[in-house]
Amino acid sequence: MGKVIGVINQKGGVGKTTATIELANTIAAKKKKVLVIDLDQQGNLTKYVGADTSVPTIFEVLQAEKPVNEAIQQCGRIDVIASSKELSRADKVFTEHDDIFLLKDVIEVVMDDYDVIFIDNGPARSTLLTMAYVAADYIVIPAEADDGSIDGVEEVYNDVIKNRQGKRPITSAKLAMLLLNRYENTIMHQNVKENLEEMSGRFEDHPIVVTIRKGIVATESKSFKQAIIDYDPKSNVSEDYQKAAKKLLKEVGVK
């Protein structure tokens with residue numbers, strides 16, 4: 001049975017999509033079967049992995065217009081379910097309380113086919129984000145060295161606790177990793193890392209903290225629609241993602 005990992009931060013521009021692509025590809029390179037679901041209406045992951053937009057999307061699957069197996073496409077070493085601009089209508093389309101369980105129901109159909117299933121999310125509270133919380137077993141929170149990004153980490157933690165321990169719990173998801181992107185050996189970045197480590201210490205789940213060094217390959221690889229592990233496997237960024245993927249697999253219990 002696959003482990004479902006939501007990649008979440010309500011602050012935009014912190015590298016959620018990059019983290020999702022790189023962790024997914026690095027884990028797949030370890031001979032694991034990986035599925036990635038693009039739940040962000042902007043569809044950047046769909047674009048960066050070169051997914052075929054004529055194939056049924058996650059929106060059509062959630063609406064039960066298409067079966068999930070028809071929406072899965074192979075993009076390199078990972079499988080992908082593409083995003084759709086129609087996801088922008090999700091808050092108006094999925095209005096019933098039980099709709100928050102739709103993504104979880106979809107994933108359960110294919111869960112046994114994968115070791116890990118990633119969900120890439122948009123940078124805002126929404127019905128789709130609630131669906132991701134419900135479906136996820138674990139959560140990775142990417143961040144960068146700015147106050148808004150760090151505030152986003154706290155917000156995700158508060159959401160998890162509320163959804164997990166409220167009067168009507170809707171998730172059992174645990175925080176697995178705090179991932180600090182574009183890390184540099186500066187006092188500011190070191191302080192942010194220490195801040196994340198302090199947060200992890202007081203968070204109930206004590207997620208691991210990892211850093212991904214800053215590197216131009218993160219941008220260059222996207223233009224070639226390649227994962228960093230393929231574009232420049234010996235780069236600092238690739239090495240950091242390989243270490244992060246290894247730690248994440250251990251944290252979520254995938255051998």
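Since this is a predicted model, take the numbers as computed values, not measurements.
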*Would you give the length of the straight line joining atom CD1 of Ile161 to atom OG1 of Thr171, rounded to the nearest 0.5 angstrom?*
10.5 Å

*Identify which one of Lys247, Arg213, Lys214 satisfies the salt bridge (Lys or Arg N to Asp or Glu O under 4.0 Å) criterion when paired with Asp240.*
Arg213

_Taking atom NZ as the centre, does Lys30 end up with more than 12 heavy-atom neighbours from other residues, nucleotides or ligands that are less than 6.0 angstrom away?_
yes

*Do Val210 and Met177 come close enough that some side-chain heavy atom pair is under 4.5 Å?*
yes

*Can you check whether Thr127 reaches Met131 side chain to side chain, under 4.5 Å on heavy atoms?*
yes

*Is the backbone of Lys11 close enough, under 3.5 Å, to the side chain of Asn9 for a donor and an acceptor to pair up by distance?*
yes

*asked:* Do Ile78 and Leu249 sit in one hydrophobic cluster, given that two such residues count as connected whenever their side-chain heavy atoms are within less than 4.5 Å of each other, even indirectly?
replied: yes

*Are Ile37 and Val80 co-members of a hydrophobic cluster defined by side-chain heavy atoms under 4.5 Å apart?*
no

*asked:* Quick check for you: to the nearest 0.5 Å, what is the distance between Asp38 atom CG and Thr20 atom OG1?
replied: 8.5 Å

*Would you say the side chain of Tyr241 lies within less than 4.5 Å of the side chain of Leu23, judging by non-hydrogen atoms?*
yes

*Under 30°, 30 to 60°, or over 60°: which ring-plane class applies to Phe59 and Phe94, parallel, tilted or perpendicular?*
perpendicular

*Determine whether Arg89 and Gln41 make a side-chain contact, defined as any pair of heavy atoms from C-beta on separated by less than 4.5 Å.*
no

*Would you say the side chain of Thr18 lies within less than 4.5 Å of the side chain of Lys222, judging by non-hydrogen atoms?*
yes

*Do any N or O atoms from the side chain of Arg125 and from the backbone of Gln10 form a donor-acceptor pair under 3.5 angstrom?*
no

*Flag, side chain of Asp205 to backbone of Phe203, donor-acceptor distance under 3.5 Å*: no

*asked:* When you measure from the side chain of Ser223 to the backbone of Glu220, do you find a donor-acceptor pair of N or O atoms at a distance under 3.5 Å?
replied: yes

*Tell me yes or no: between the side chains of Asn44 and Thr17, is some donor less than 3.5 Å from an acceptor?*
no

*asked:* If I take atom SG from residue Cys75 and atom CG from residue Leu45, how far apart are they, to the nearest 0.5 angstrom?
replied: 8.5 Å

Got a list of side-chain donor-acceptor pairs under 3.5 Å for residues 132-140, not counting sequence neighbours?
unit_1	atom_1	unit_2	atom_2	d
Tyr133	OH	Asp159	OD2	3.3
Asp137	OD2	Val4	N	2.8

*Shortest non-hydrogen contact between Lys234 and Glu239, atoms and distance*: O-OE2, 3.4 Å

*Give the minimum heavy-atom separation between Asp40 and Gly122, together with the two atoms involved.*
CG-CA, 3.6 Å

*Ile228-Val36 co-clustered via ILVMFWY side chain contacts under 4.5 Å*: yes

*Check the hydrophobic clustering (I, L, V, M, F, W, Y; side-chain heavy atoms under 4.5 Å; chains of links allowed) and say if Leu128 and Ile5 are grouped together.*
no

*With no hydrogens and no angle check, is any side-chain donor or acceptor of Ser238 less than 3.5 Å from a backbone partner on Ser235?*
no

*Let me see the working for Ile170 and Thr130 under side chain to side chain contact (heavy atoms under 4.5 Å, CB included), right down to the final yes or no.*
CA-CA 9 Å; Ile170 59 173; Thr130 302; 3.9 Å; yes

*Give, for atom CD of Glu197 and atom CD of Glu194, the distance between the pair rounded to the nearest 0.5 Å.*
7.0 Å

_As an exercise, state the distance from CD1 of Ile208 to CG of Leu196, rounded to the nearest 0.5 Å._
12.5 Å

*Least distance between heavy atoms, Glu22 atom then Ile229 atom*: OE1-N, 4.1 Å

*Closest approach of Glu60 and Pro56, non-hydrogen atoms and distance?*
OE1-CA, 3.2 Å

Could you list the donor-acceptor pairs under 3.5 angstrom formed between side-chain atoms of residues 185-193 and any protein atom two or more places apart in sequence or on another chain?
unit_1	atom_1	unit_2	atom_2	d
Asn185	OD1	Gln190	NE2	2.6
Thr186	OG1	His189	N	3.2
Thr186	OG1	His189	ND1	2.8
His189	NE2	Arg182	O	3.3
Asn191	ND2	Ile187	O	3.4

Side-chain donor/acceptor pairs under 3.5 Å, residues 100-118, sequence neighbours excluded:
unit_1	atom_1	unit_2	atom_2	d
Tyr114	OH	Asp79	OD2	2.7
Asp115	OD2	Lys33	N	2.7

*With no hydrogens and no angle check, do the side chains of Glu204 and Gln165 hold a donor and an acceptor under 3.5 Å apart?*
yes

*asked:* Any heavy-atom pair between the side chains of Asp230 and Arg77 that's under 4.5 Å?
replied: yes

*Spell out, as yes or no, whether a donor-acceptor pair under 3.5 Å connects the side chain of Thr46 to the backbone of Ser83.*
yes

_Shortest non-hydrogen contact from Asn181 toward Val14_ = ND2-O, 2.8 Å

*At their closest point, which heavy atom of Val61 faces which heavy atom of Pro67, and how far apart are they?*
CG2-O, 4.1 Å

*Judged by atom type as modelled, is there a donor-acceptor pair below 3.5 Å linking the side chain of Gln74 to the main-chain atoms of Gly76?*
yes

*To the nearest 0.5 Å, what is the distance between CD1 (Ile58) and CG (Asp120)?*
12.5 Å

*If Ile, Leu, Val, Met, Phe, Trp and Tyr residues are connected whenever their side-chain heavy atoms lie under 4.5 Å apart, and connections chain through other members, are Ile21 and Leu180 in the same group?*
no

